[in-house]
Enquirer: 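Here it is: the structure, laid out below.
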Number of protein chains: 2
Amino acid sequence: MFSNSSKYALTAVIHLASQTDEAHKKMVKDLSLYTDIPKAYLAKLLQQLSKHQVISATKGPKGGYYLTEENRKLPVYRIIEVIDGTHRLESCVLGLEDCNAENPCPLHDLVNPSKAILLNTLKHMSIEELAGKLNKNDGFSIPGT
Amino acid sequence: MFSNSSKYALTAVIHLASQTDEAHKKMVKDLSLYTDIPKAYLAKLLQQLSKHQVISATKGPKGGYYLTEENRKLPVYRIIEVIDGTHRLESCVLGLEDCNAENPCPLHDLVNPSKAILLNTLKHMSIEELAGKLNKNDGFSIPGT
DNA sequence: GAAAAAGTATGATAATTATCATATTTCGGA
DNA sequence: TCCGAAATATGATAATTATCATACTTTTTC
Ligand code: FES
Ligand code: FES
C-alpha cells in the first residue's frame with residue numbers, strides 16, 4: 001500500500017511525535033535502534049522530511065531531530081507526499097492517466113470508495129492527532145519495539 | 001496500491017472477460033496491442049494466471065487465452081493473489097508482522113476501515129460481475145483503448 | 001507427417017528501489 | 001579557538017521488479 005520508504009518515514013515521525021519537542025531531540029542513531037530501520041537509510045529519509053519542513057533538526061552536539069508545534073499540525077499525508085509523491089496513492093489503480101468519475105476505469109467504482117476514505121483520513125488527521133491516540137497508551141504498538 | 005504486474009493482469013483479465021469465451025479466444029499479441037502492455041511481460045503474467053487456472057488457454061493455431069464460466073466465477077482478488085501474493089495488500093501498513101486489532105500499529109485504526117472495505121470488495125466481487133458493469137457500456141474505459 | 005501458429009519454460013538485461021558508505025558542514029563545549 | 005558530535009550532501013552497491021529474448025512444446029492444417 002505504502003512504499004517501504006513511506007512506512008519507515010511514518011514510523012519514525014510517529015516516534016518523534018510521541019517522544020520529542022524543542023527541548024528533547026532524538027539522534028538518527030537512537031531512532032534507528034528503536035525502530036529497527038537501517039540507520040543510513042533512515043538518515044536519508046529524515047533529511048528529506050527536514051528539508052521539506054515536515055520535521056525539525058539541529059546540527060552539532062545536543063542536536064537531533066524533533067517536532068515543533070508547527071510540524072505537529074501537518075497532516076499525516078504530508079509525510080507520504082514528501083517521500084513517495086502524490087501519484088502512488090492518487091492515481092488510477094489500473095494506470096489511466098488521471099482517475100476521475102467522468103472517465104473511470106473498470107475498477108474505479110470498485111476501489112474508489114475505500115480509496116477516498118483512506119485519502120481523506122490521511123489528509124485530515126494531523127500528526128498531532130495521531131500521536132494523541134498513542135499517548136493514551138491504548139494498546140498501540142510501534143514496529144521495532 | 002497494486003503492483004504494476006497486478007495492474008497489467010487485472011487489465012488483461014478484464015479484456016478477456018468482456019471479449020472472449022470458449023469459442024472466441026485472444027492471442028497475447030492482440031491483448032498486448034489493445035492494452036499497451038509489453039507483449040513478453042504480459043505473456044509471462046498470463047502464463048502464471050493460466051497455470052493457476054484463473055484463465056484458460058489452448059495452444060497451437062486458433063489457440064489463445066479465454067475465460068470459461070468457471071474462470072468468471074472467481075473473485076477479482078484471485079488475480080492479485082496469484083500475481084502479487086496476499087502479503088502486499090493484507091499486511092500491516094507499517095510493517096508489523098501481522099495486522100490485527102489486538103496488537104495494532106499506530107496507523108491501524110486510521111487505515112483499516114478503508115482497507116477492509118477494499119479487500120472485502122475484491123474478495124466478493126467475481127470477475128463476471130465486474131465484467132457485467134463493463135458490458136452495459138456505462139462509461140467505463142479500459143487502459144490502452 | 002511436416003510446417004507454422006500458438007502457448008510454455010527459462011533465463012538475460014534494464015530500471016527502480018532499498019541499502020550502505022563517506023566526505024562535508026554546523027554547532028556546542030572544553 | 002579547536003575538537004568532537006551531530007545533521008547534510010552525495011555517491012556507490014545490492015536487491016527487487018519490470019522488461020526483453022529465445023528455445024521448447026502442443027496442435028491445427030495442408
Ligand atoms: S479511473 Fe481507475 S481507479 Fe479511478
Ligand atoms: S497493525 Fe498496522 S495496519 Fe494493522
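Being a predicted model, the structure only gives us computed values, none of them experimental. Naming: A, B, ... by sequence-line order, numbering from 1 per chain.
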Enquirer: With sequence neighbours excluded, tell me which residues meet side-chain hydrogen bond (donor to acceptor under 3.5 Å, both in side chains) with A/Lys115.
Expert: none
Enquirer: Is a salt bridge present between B/Lys123 and B/Glu90, judged by a nitrogen-to-oxygen distance below 4.0 Å?
Expert: yes
Enquirer: Does A/Glu81 have any side-chain hydrogen bond (donor to acceptor under 3.5 Å, both in side chains) partners at least two apart in sequence or in another chain, and if so, which?
Expert: A/Arg78
Enquirer: Using whole Å, what does the distance between atom P of nucleotide D/dA9 and atom CG of A/Leu49 come to?
Expert: 13 Å
Enquirer: Have a look at B/Ala57 and say if it touches a base, only the backbone sugar-phosphate, or nothing, with a 4.0 Å heavy-atom cut-off.
Expert: sugar-phosphate
Enquirer: Donor-acceptor pairs under 3.5 angstrom involving side-chain atoms of residues 42-51 of chain A: please list them, not counting sequence neighbours.
Expert:
none

Enquirer: Could you tell me the separation between the CD atom of A/Gln47 and the P atom of D/dT10, rounded to a whole number of Å?
Expert: 10 Å
Enquirer: How many whole angstroms separate atom CG of A/Asp30 from atom C1' of D/dA7?
Expert: 14 Å
Enquirer: Using whole Å, what does the distance between atom P of nucleotide D/dT8 and atom NZ of A/Lys39 come to?
Expert: 14 Å
Enquirer: At under 4.0 Å between heavy atoms, how does the protein contact nucleotides 24-30 of chain D? Give one character per nucleotide, 5' to 3', with B, S or -.
Expert: -BBBB--
Enquirer: Does A/Ser3 or B/Leu46 map to a spot on DNA chain C nearer the 5' end, using the closest nucleotide for each?
Expert: B/Leu46
Enquirer: Using the test side-chain hydrogen bond (donor to acceptor under 3.5 Å, both in side chains), find all partners of A/Ser56 that sit at least two apart in sequence or belong to another chain.
Expert: A/Asn71
Enquirer: Students often get this wrong, so: under 4.0 angstrom with heavy atoms, is A/Lys44 touching a base, only sugar-phosphate, or nothing?
Expert: base
Enquirer: Which is more 5' along DNA chain D, the nucleotide nearest B/Arg88 or the one nearest A/Gly64? Just name the residue.
Expert: A/Gly64
Enquirer: Looking only at heavy atoms, what is the nearest atom pair of B/Leu107 and A/Leu130, with distance?
Expert: CD2-CD2, 3.6 Å
Enquirer: How would you list, by chain and number, every residue that makes a salt bridge (Lys or Arg N to Asp or Glu O under 4.0 Å) with B/Glu128, sequence neighbours excluded?
Expert: none
Enquirer: Mind checking which nucleotides bracket the chain A contacts on DNA chain C, 5' to 3', with an atom under 4.0 Å from a heavy atom?
Expert: C/dA18 to C/dG28
Enquirer: Strictly by ring-ring contact (aromatic ring centres under 6.0 Å, His included), give each pair with a member in residues 35-71 of chain A just once, sequence neighbours left out.
Expert: A/Tyr8-A/Tyr41
Enquirer: According to side-chain hydrogen bond (donor to acceptor under 3.5 Å, both in side chains), who are the partners of B/Ser3, at least two apart in sequence or on a separate chain?
Expert: B/Asp84
Enquirer: Pick base, sugar-phosphate or nothing for B/Lys26, based on heavy-atom distances below 4.0 Å to the nucleic acid.
Expert: sugar-phosphate
